[in-house]
Protein chains: 2
Amino acid sequence: MATTDLSKDLAPIVSNTMADMVELRLREYLKRKSFRPGDALPKELELAEALGVSRNVLREALSRLRMLGMIETKKKRGMVLARPDILGTFERVLDPLIIDNSTLQDIFELRLVLEMGLADLLYIRKTDRDIQELEAIAKKEVNLDNSFRIKNEIAFHGKLYEMSGNDTLKRFQIMLLPIFDYVVSVEPNPTRGDVTHMDLVDILKTGSKDDFKKGMEAHLKPHFDRLR
Amino acid sequence: MATTDLSKDLAPIVSNTMADMVELRLREYLKRKSFRPGDALPKELELAEALGVSRNVLREALSRLRMLGMIETKKKRGMVLARPDILGTFERVLDPLIIDNSTLQDIFELRLVLEMGLADLLYIRKTDRDIQELEAIAKKEVNLDNSFRIKNEIAFHGKLYEMSGNDTLKRFQIMLLPIFDYVVSVEPNPTRGDVTHMDLVDILKTGSKDDFKKGMEAHLKPHFDRLR
DNA sequence: TTTTTGATTATGTACTACAAATGAAAATTT
DNA sequence: AAATTTTCATTTGTAGTACATAATCAAAAA
């Protein structure tokens, strides 16, 4: 074997802190023992002793799991395994100011991908009532000035996600909004697609799924044109 | 004012622990001061004193931010703001055993949405070399037994994400795989679509973007048919 | 039987002490 | 004078003790 790809043979030394390792160990432990939400965990002192660390370090690790919503603790009752909110943790690091430009661009594209792929779910689950509400949003925007138009833009596309009947997707979209706004705000000349929101509503009313896909593609075309 | 919507008047008591509040305060602080990655933070003692909490509590909060990759610390150098890996944190809570069924279903659908929306990026960025590699994967699967076929299935769709040229998207897919596998494994009778992987490759070679979208729709049809 | 009280117990917070690492300054050598 | 080594100071990392707080359970009182 030659000297190529040393990293395969020599894993980088990761000077993990105790809290890091304890966090990992607790994860493994919870998994191995196949704890289910609601199950009670040993108390802090027992865990600390078993792991051979101070209660201090243990609590730093527990604090992380608690933040993620993996565990919940009550004063005398002890700790129980809980269901983490998978998106809640995501939200904490989603700040346009911290994320690097390359990832920002990725997320921008991710939103486009989601929006393009939404059609299939939409045509499975859309209701007349949904379309009415969507139309109301689209109608409102004709006589709005520019500042309110952005809000309306968000409302329209947000309603589309809502109509998908997928709560996780909807929440995901809400979280990505600031990122999306940020990227759009950086764009030099915001152009508009040939297909308007009202056009999309009309398609949803009477058109086929393929019609809608083509319509959405035309609606988002200015964004896609910026990609390479 | 009537007694309706009490929650507007009486905000629910959130018995946050000190660490929770300190975490929040630190977040606000970092944001307000518009710290940038690489900037140095005050030392623990100063922060603890300013916040009026013990160093212990402060460290529990810092431990969380450290886990998220928002800060990094070195022994004498102090703490610096860092760039969190937005997906890394996500990964930590993505365990099919912990996530409730409703969210599992949502994530399953999310994958379908992504896959359907991928076409536009693909047709912007696909290269001949990509298609060759994809074809190699598709060709391999004809004479594989069932256990390896799943791996190949993953390889094929993974390659598609890779061809999108969006690293975040690709990583996202990898993270969602276990969830997807889990949901699929629960399915009673895994049926196959009329359009095979080889068909998709052929479309990519000579067909139009619309052809590919229709092909992918047919390929995933069994999954979509299960939705309501 | 119901209510009250109190003991018990696990988590939450504070404080102190020291180890380890590391960057800077001082001392030494070349 | 420049380079190297040594020493020192500083900041995070870990341990341990002590006490506050809240929730549970059981015993005692009404």
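Below, read A as the first sequence line, B as the second, and so on, with proteins coming before strands; counting in each chain starts at 1.
- Distance from the side chain of A:S54 is smallest for D:dT14 among the nucleotides C:dT11, D:dT12, D:dT14.
- Spacing between atom CG of A:L58 and atom P of C:dG12 amounts to 11 Å, rounded to whole angstrom units.
- When each of D:dG13, C:dT13, C:dA14 is scored by its nearest atom to the side-chain atoms of B:R66, the top-ranked nucleotide is D:dG13.
- OP1 or OP2 of C:dA10 has at least one side-chain nitrogen or oxygen of A:K43 nearer than 4.0 Å.
- Under a cut-off of 6.0 angstrom, the local environment of CZ in A:R77 is sparse, with at most 12 non-hydrogen atoms contributed by other residues, nucleotides or ligands.
- Ranking C:dA10, C:dA20, D:dT24 by closeness to the B:K75 side chain, first place goes to C:dA20.
- Of the candidates D:dA22, D:dT12, D:dA9, D:dA22 carries the atom nearest the A:K76 side chain, counting heavy atoms from C-beta on.
- Taking atom CD of B:E72 as the reference point, atom C1' of D:dT12 lies 14 Å away to the nearest angstrom.
- At whole-Å resolution of the value, CD in A:E44 and P in C:dA10 are 11 Å apart.
- Ring pair A:F156/A:H197 is parallel by interplanar angle, where below 30° counts as parallel and above 60° as perpendicular.
- Here the P atom of nucleotide D:dT12 and the CG atom of A:D20 are 16 Å apart, to the nearest Å.
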**Asked** A:T103 and A:D100: side-chain hydrogen bond (donor to acceptor under 3.5 Å, both in side chains), yes or no, with the steps?
**Response** CA-CA 6 Å; A:T103 306; A:D100 63 299; 2.7 Å; yes
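- Salt bridge status for A:R171 with A:D85: present, with a side-chain N to carboxylate O gap under 4.0 Å.
- For the pair A:M18 CE and D:dT12 P, the interatomic distance rounds to 19 Å; values are reported in whole Å.
- Summarising the geometry, the separation between CD on B:E60 and P on D:dT12 is reported as 17 Å, rounded to the nearest angstrom.
- Taking every side-chain heavy atom of B:R59 into account, D:dT14 is the closest of C:dT13, C:dA10, D:dT14.
- Donor-acceptor pairing under 3.5 Å is lacking for the side chains of B:T17 and B:D20.
- When the side-chain nitrogen and oxygen atoms of A:T73 are compared with OP1 and OP2 of C:dG12, one or more of them lie within a distance under 4.0 Å.
- Minimum atom distance to the side chain of A:V57 is reached by D:dA15, of the listed D:dA15, C:dG23, C:dT13.
- Of the listed nucleotides (C:dG23, C:dA20, D:dA15), D:dA15 has the atom at the smallest distance from the side chain of A:V53.
- Below the 3.5 angstrom threshold, one finds no donor paired with an acceptor across the side chain of B:N56 and the base of C:dG12.
- Applying the 4.0 Å criterion to OP1 and OP2 of C:dT13, one finds that B:T17 has a side-chain N or O inside that range.
- Nearest-nucleotide positions on DNA chain D for B:G78 and A:R77 put B:G78 closer to the 5' end.
- For the pair B:R55 and A:R55, nearest-nucleotide mapping onto DNA chain C gives the more 5' position to A:R55.
- For the pair A:E28 and A:K31, the salt-bridge criterion is not met [side-chain N within less than 4.0 Å of a carboxylate O].
- Between the CE atom of A:M79 and the C1' atom of D:dA23 there is a distance of 16 Å, given to the nearest Å.
- Rounded to whole angstrom, the span from the CG atom of B:L51 across to the C1' atom of C:dA14 amounts to 15 Å.
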